[in-house]
Q: 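Let me begin by handing over the structure; questions about it come next.
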Amino acid sequence: MCLSFPYPDSNKRYHTLNDYYRHKFHAKVFKVPLNAGFTCPNRDGSKGTGGCTYCSEQGSGDFAGNPAESLVTQFEKVRDLQLQKWPDAYYIPYFQAFTNTYAPVGVLRSCFEPVLALDKVVGLNIATRADCLPDDVLEYLTELNSRTCLTVELGLQTIHDQTAQAINRCHSYAEFLDGFEKLKKHSIPVCVHLIDGLPGETREMMLETAQAVGALRPHSVKLHLLHVLKGTPMAADYLAGKFDVLSLAEYVSIVCDQLELLPPEIVIQRITGDGARDSLIAPQWSLKKFVVMNEIDKELKRRNSRQGEKQSDSFVTVKQGR
């Protein structure tokens, strides 16, 4: 029997987003992915071109809406589908594709405010980069945080600068920490995105990333599996045999190790990722999302373990560029 877990959600041994929302809103809550048509500083030339080597043409928003449609229309299409099953649900618009603070504040207001005003919307999630948080944007985010359930999602992926350079991330771990601290100073909840299986990364490096992020105590974390997608620079490297992807067994083991390192109060928003079926090259096993989630549950049960089982408040700074 696993030790009593303070954030129970059915049979889960980690702090799920569903559990967090149900305790906060006492109802089912859905995140609605949206595409506002932004770009990124490592796409438009201000810091780089081409984007991160794993990133699709949709800017990691493959399941977000059609940017040719209004944001309200995008939102309503998803909401209407969910209403059929959950008529009493609440909604949180999720600005997912590209970098959603990489625009003047006036543009951001014109995107965020119309969907915030929709019926049964109780929050807002904004995906961005830590190097795209100028003072005026921080001021607006602070305002939003005072009147809705705001979460800013920061893509980190790895604390290892050598890996970040190889994937054309175009910002360092130090820059991430600077952006994270800015948000923390303004009491804005942060969700940190990590990717397991990046080329050149060892199991030890992935666990070091999880331990370092755990020590920061963000509001939440997303654990993603690396997907090799058609049309990306990473796809060319994979097809040329320059790296291999994780097996299901490897991924499950690494995620369980990471969960054990993350403090139990951190909300785990994801433990795997989605790759569009028509663009996914590898790993094909990732298409069976519920199988992956079930295998993680089974492994934690086999270990008689849970999130935070091996957390440590001490963390030795990782040597960068190794």
Q: Listed by chain and number, what are the side-chain contact (heavy atoms from CB on, under 4.5 Å) partners of V78, not counting sequence neighbours?
A: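 If we apply the side-chain contact (heavy atoms from CB on, under 4.5 Å) test to V78, skipping adjacent residues, the hits are V32, Q82.
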Q: Does Y90 OH have over 12 foreign heavy atoms under 6.0 Å away?
A: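 No.
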Q: Considering only NZ, NE, NH1 and NH2 on the basic side and carboxylate oxygens on the acidic side, decide whether D297 and K12 come within less than 4.0 Å.
A: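 Salt bridge present between D297 and K12.
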Q: Testing the basics here: between L17 and V267, what is the closest heavy-atom pair and its distance to 0.1 Å?
A: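 Looking at all heavy atoms of both residues, the shortest contact is CA-CG1, 3.7 Å.
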Q: Mind checking the CG-CG spacing from L194 to L225? Nearest 0.5 Å is all I need.
A: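 Going from the CG atom of L194 to the CG atom of L225 covers 13.0 Å.
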Q: Distance check, rounded to the nearest 0.5 Å: I167 atom CD1 versus I195 atom CD1?
A: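 Here the rounded value is 6.0 Å.
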Q: Would you compute the distance between atom CG of L246 and atom OG of S286 and round it to the nearest 0.5 angstrom?
A: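 With rounding to 0.5 Å, CG (L246) is 11.0 Å from OG (S286).
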Q: Drop me the distance from K31's NZ to I92's CD1, to the nearest 0.5 angstrom.
A: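 If I round to the nearest 0.5 Å, the distance is 7.5 Å.
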Q: Return the minimal non-hydrogen interatomic distance between P263 and Q307, and the atom names on each side.
A: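 In terms of heavy atoms, the two residues are closest at O-NE2, 2.8 Å.
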Q: How would you list all residue pairs meeting salt bridge (Lys or Arg N to Asp or Glu O under 4.0 Å) that involve residues 71-96, not counting sequence neighbours?
A: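 Found E69-K77.
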Q: Which residues pass the side-chain contact (heavy atoms from CB on, under 4.5 Å) test with T49, sequence neighbours left out?
A: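 T49 satisfies side-chain contact (heavy atoms from CB on, under 4.5 Å) with no residue once adjacent residues are dropped.
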Q: Closest approach of L183 and L141, non-hydrogen atoms and distance?
A: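 The pair with the smallest heavy-atom distance is CD2-CD1, 4.1 Å.
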Q: I'd like to check the salt bridge (Lys or Arg N to Asp or Glu O under 4.0 Å) partners of R303; sequence neighbours left out, ordered by chain and number.
A: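 Once residues adjacent in sequence are excluded, the partners of R303 under the salt bridge (Lys or Arg N to Asp or Glu O under 4.0 Å) criterion are D257, E260, E299.
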Q: So, T101 side chain and C132 main chain: donor-acceptor pair closer than 3.5 Å or not?
A: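 Side chain of T101 to backbone of C132: a pair is present.
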Q: Only counting residues at least two apart or in another chain, list the ones meeting side-chain hydrogen bond (donor to acceptor under 3.5 Å, both in side chains) with K230.
A: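 None.
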Q: Suppose the criterion is side chain to side chain donor-acceptor pair (under 3.5 Å): which pairs have a residue in residues 135-144, not counting sequence neighbours?
A: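 Qualifying pairs: R109-E143, E113-Y140, E143-R147.
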Q: So which pairs with a foot in residues 191-238 pass ring-ring contact (aromatic ring centres under 6.0 Å, His included), sequence neighbours left out?
A: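 Checked against ring-ring contact (aromatic ring centres under 6.0 Å, His included) - neighbours excluded - the pairs reaching residues 191-238 are Y20-H219, H193-H224, Y238-F243.
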Q: How would you list, by chain and number, every residue that makes a salt bridge (Lys or Arg N to Asp or Glu O under 4.0 Å) with R129, sequence neighbours excluded?
A: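 So R129 forms a salt bridge (Lys or Arg N to Asp or Glu O under 4.0 Å) with D131.
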Q: Excluding sequence neighbours, so at least two apart, what forms side-chain hydrogen bond (donor to acceptor under 3.5 Å, both in side chains) with T232?
A: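 If we apply the side-chain hydrogen bond (donor to acceptor under 3.5 Å, both in side chains) test to T232, skipping adjacent residues, there are no hits.
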Q: What pair of heavy atoms forms the shortest contact from A130 to F176, and how long is it?
A: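 Result for this residue pair: CB-CA, 3.5 Å.
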Q: Identify the two heavy atoms, one from V121 and one from P93, that lie closest to each other, and give their separation to 0.1 Å.
A: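 Minimum heavy-atom contact is CG1-CD, 3.5 Å.
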Q: Using only atom types and a distance under 3.5 Å, with no angle test, would you say the side chain of N35 pairs donor to acceptor with the backbone of P67?
A: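 Not confirmed, N35 side chain does not pair with P67 backbone.
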Q: Of all heavy-atom pairs between P114 and C111, which one has the smallest distance, and what is that distance?
A: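 Closest heavy-atom pair between P114 and C111: CD-O, 3.6 Å.
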Q: Between N125 and Q96, does a side-chain hydrogen bond (donor to acceptor under 3.5 Å, both in side chains) hold up when you go through it step by step?
A: CA-CA 8 Å; N125 278 40; Q96 181 182 33; over 6 Å; no
Q: Holding to side-chain contact (heavy atoms from CB on, under 4.5 Å), I want the full list of residues that pass it with L287, two or more places apart in sequence or in another chain.
A: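 Result, side-chain contact (heavy atoms from CB on, under 4.5 Å) vs L287: R277, L280, Q284.
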Q: Parallel, tilted or perpendicular: which one describes the rings of Y91 and F30, with boundaries at 30° and 60°?
A: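 Judged by the thresholds at 30° and 60°, the geometry between Y91 and F30 is parallel.
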Q: Could you state the interatomic distance from CG (L34) to CD1 (I126), rounded to the nearest 0.5 Å?
A: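 Here the rounded value is 11.0 Å.
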Q: What is the distance from atom CZ of F112 to atom OG1 of T148, rounded to the nearest 0.5 Å?
A: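 So the CZ of F112 and the OG1 of T148 are separated by 12.0 Å.
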Q: Donor-acceptor pair, distance only, cut-off 3.5 Å: does the side chain of K120 make one with the backbone of A89?
A: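 Here the side-chain-to-backbone pair exists.
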Q: Mind checking whether V192 and P218 have side chains closer than 4.5 Å, heavy atoms only?
A: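 With C-beta onward as the side chain, the pair touches.
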Q: Applying salt bridge (Lys or Arg N to Asp or Glu O under 4.0 Å), name anything that partners K288, two or more places apart in sequence or on another chain.
A: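 Listed in chain order: nothing, the list is empty.
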Q: Above 12 or not: heavy atoms from other molecules or residues under 6.0 Å from NZ of K301?
A: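 Counting other residues, nucleotides and ligands, NZ of K301 stays at 12 neighbours or fewer.
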Q: Do side-chain atoms of N168 reach the backbone of Q165 as a donor and acceptor pair under 3.5 angstrom?
A: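 Answer holds: no.
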Q: With salt bridge (Lys or Arg N to Asp or Glu O under 4.0 Å) as the rule and sequence neighbours excluded, what pairs involving residues 169-181 come up?
A: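 Output for this query lists K47-E175, D178-K182.
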